[in-house]
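See structure below.
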Amino acid sequence: GAVVSQHPSWVICKSGTSVKIECRSLDFQATTMFWYRQFPKQSLMLMATSNEGSKATYEQGVEKDKFLINHASLTLSTLTVTSAHPEDSSFYICSAFRTHGNTIYFGEGSWLTVV
Amino acid sequence: QKEVEQDPGPLSVPEGAIVSLNCTYSNSAFQYFMWYRQYSRKGPELLMYTYSSGNKEDGRFTAQVDKSSKYISLFIRDSQPSDSATYLCAMRNTGTASKLTFGTGTRLQVTL
């Protein structure tokens, strides 16, 4: 079964509004989570690394004020797309690092459509 | 040159065939090697995980890592239509929770 849960699976929002996506590790504590964006028929593009209790580390070219990441607990990280625009429409995926086994598991992804 | 090279395919094989998927990489610091399967419109699912060089088998899947050649492989035996998906190789170094570097993914189609 899934070890990382992502919610919502899909969301439609109006241009200019903000939308929050949640990523939860279900049966383990994840001090580190990762947020990706994926365009059709392309590989995953890392947006940021989320560390529990500290600020996220953003990849070059990713606007930290637009993509707000909060990792307030050991099982939950959130990505908020602020003032969303149609070009932000994409598939967003989170992953979580599980210390036991030294492995990284992915969530099911969230489809965001901005209209 | 990309850190991880993977043929994007598509690769089409008949049901029952043995499938070989491969990646090459340039960063000798990579120590952890993974294969993920991604169905259309879904998140990647971890298939195989290998530390350093060697082979690992799990059911119909076998992962091989040759660090001297910087080459990793995933073999799928008795392929099924349900194996049709994109297969992503991924790797990372030894840093705690260090980020993954992905190949572009290979699209596999198993036909009846």
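In what follows, chains carry the letters A, B, and so on, assigned in the order in which the sequence lines appear, proteins first and then strands, with residues in each chain numbered from 1.
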Seminar exercise, completed: Ranked by heavy-atom pairs below 4.5 Å to chain B, first place among A:Gln38, A:Lys41, A:Gln42, A:Arg98 goes to A:Gln38
For this session: Among B:Gln38, B:Gln6, B:Arg41, single out the residue with the greatest number of heavy-atom pairs under 4.5 Å to chain A.
Result: B:Arg41
Exercise. Looking at B:Thr86, B:Leu46, B:Leu88, which one has more heavy-atom pairs under 4.5 Å with chain A than the rest?
Worked result: B:Leu46
Exercise. Could you go step by step and tell me if B:Tyr32 and A:Asn102 meet the side chain to side chain donor-acceptor pair (under 3.5 Å) rule?
Worked result: CA-CA 9 Å; B:Tyr32 298 94; A:Asn102 218 340; 2.9 Å; yes
Seminar exercise, completed: Whatever's closer than 4.5 Å to a heavy atom in chain B on A:Gln6 counts as neither
Seminar exercise, completed: Cut-off 4.5 Å, heavy atoms of chain B, and the answer for A:Trp10 is neither
Exercise. Considering residues, nucleotides and ligands other than B:Lys67, do more than 12 of their heavy atoms fall under 6.0 Å from its NZ?
Worked result: yes
For this session: For atom NE2 of A:His85, decide whether the heavy atoms of other residues, nucleotides or ligands shown that lie under 6.0 angstrom number more than 12.
Result: yes
Problem set entry | Sole residue of B:Val19, B:Ile18, B:Thr111, B:Asp83 in side chain to side chain contact (heavy atoms under 4.5 Å, CB included) with B:Val13 | B:Val19
Problem set entry | Shortest non-hydrogen contact from A:Trp35 toward A:Thr78 | CZ2-C, 3.9 Å
Seminar exercise, completed: Turns out that what part of B:Tyr51 lies under 4.5 Å from chain A's heavy atoms comes down to neither
